[in-house]
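Just below is one structure, and these are the notes that go with it.
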Amino acid sequence: MAELKNELVWSHSRARTFSGCLRAYWYTYYGSWGGWSSDAPAAYRAAYVQKKLTTRAMWTGTVVHGAAESAIRRLASGGTLDLEGGVRGTVQRAREDIEGSQTGAWLQRPAKRTGFREHYYGETVEPAAWDAALAEIERQVRGLHENKVFRRIAQVPERVMEVEELRRFRVGSAEVYASLDVLMADGAGGVVIIDWKTGEAHSDEVIAAQLGVYGIYAAQELGIPTDRVKAMHVNLRHGTLTLHPVGPAEIEAAREEIETSVASMRALLTDVAGNTTDQTDYPMVAEGNARCRYCSFRRGCAREN
Ligand code: SF4
């Protein structure tokens with residue numbers, strides 16, 4: 001098999017990581033590279049495992065997105081929904097995630113299985129908090145099926161164009177990854193981008209920037225006229241729906257953001273063509289910074305206490 005090449009491919013999540021602690025960014029995209037291999041150097045293997053760690057809040061989002069994805073895929077391929085069976089299966093798999101993390105079994109396949117920071121770092125979490133996370137997952141999956149956007153998708157499944165497909169495309173000088181939760185044809189030559197959110201706090205500004213990138217994809221890669229692209233984010237925790245304009249101005253702003261962000265990332269590389277780094281160019285945040293307390297990489301940084 002050809003050796004995988006570490007390339008700088010911009011994504012919204014990469015940009016968010018870059019805007020936080022630079023050392024965490026380095027661990028995520030460089031210091032863990034190759035750590036999936038059993039013969040990787042120990043530090044790279046450890047960073048790879050740590051990069052895979054999740055938290056109850058992040059995992060809730062992953063599980064609910066997975067439930068939405070499989071329900072919509074089923075609808076799009078002509079199947080019917082089974083809410084009770086879907087909820088049972090989702091909650092059962094979620095319980096297995098918790099058990100596999102607790103026992104450490106997940107470490108045998110960290111890329112495929114779920115590992116919680118809470119277990120890895122021995123954080124005290126009361127059993128009731130795990131039960132509450134499972135209950136929230138069930139509540140959100142049930143809420144998804146009652147959600148008016150989801151119900152509309154279920155009425156016109158033939159209009160589903162994409163569900164969580166990882167796309168790579170070029171924007172100016174940058175390669176970009178994006179994955180849309182759902183892309184629907186609107187039946188009149190346009191598209192609707194649907195983004196599920198599951199957390200407590202989401203900034204409209206951050207969501208709008210993310211949807212702008214999806215707008216570039218729809219316009220540039222699918223040839224949809226920019227005045228025919230609509231986007232919405234649906235918060236399944238709170239049952240809210242927010243519409244976001246994704247017209248020429250938002251798309252242009254997203255292009256500029258990508259170019260600026262990629263330029264900042266490249267500026268730290270020791271060799272842009274080779275995408276190589278020197279760890280010391282990615283400083284840790286100052287001792288005592290609150291970020292370290294919850295960071296996946298705190299062991300590597302000796303910031304566990
Ligand atoms: S532990 Fe602190 S310094 Fe280290 S990567 Fe995380 S946030 Fe940065």
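When a ligand or atom number is given, it counts from 1 through the structure's own listing order. Heavy-atom basis, side chains included; hydrogens, waters and symmetry copies ignored.
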Could you tell me which atoms of ligand 1, counted from 1 in the order shown, lie closer than 4.0 angstrom to a heavy atom of Met284? 3 (S)
Can you tell me how the ring of Phe18 sits relative to the ring of Tyr25, calling it parallel under 30°, perpendicular over 60° and tilted otherwise? perpendicular
Would you say the side chains of Gln50 and Tyr120 form a donor-acceptor pair under 3.5 Å? yes
Under a 3.5 Å distance rule, please check whether Arg167 uses its side chain to pair with a backbone N or O of Val176 as donor and acceptor. no
Can an N, O or S atom be found in Cys295 less than 2.8 Å away from atom 4 (Fe) of ligand 1? no
Looking at atom 4 (Fe) of ligand 1, what's its closest protein heavy atom, distance included? Cys301 SG, 2.3 Å
Atom 2 (Fe) of ligand 1 sits nearest the protein heavy atom Cys292 SG, 2.4 Å
Just to confirm my output: which protein heavy-atom neighbour is closest to atom 8 (Fe) of ligand 1, and how far is it? Cys21 SG, 2.3 Å
Numbered atoms of ligand 1 (with element) below 4.0 Å of Val285, judged on heavy atoms: 2 (Fe), 3 (S)
List ligand 1 atoms under 4.0 Å from Ala24, heavy atoms only on the residue side. 5 (S)
Protein contact of atom 1 (S) of ligand 1 - nearest heavy atom, named by residue and atom, plus distance: Arg298 CA, 3.6 Å
Hey, what's the ring geometry for Tyr27 with Phe297, parallel, tilted or perpendicular (30° and 60° as the breaks)? parallel
Which atoms form the tightest heavy-atom contact between His119 and Gln102, and what is the distance? ND1-N, 3.5 Å
Pull out every atom of ligand 1 sitting under 4.0 Å from any heavy atom of Arg303, numbered as shown with elements. 3 (S)
Distance-only side-chain donor-acceptor flag, Arg95 / Gln92, under 3.5 Å: no
A side-chain contact here means heavy atoms from C-beta on lying under 4.5 Å apart; do Val246 and Tyr214 qualify? no
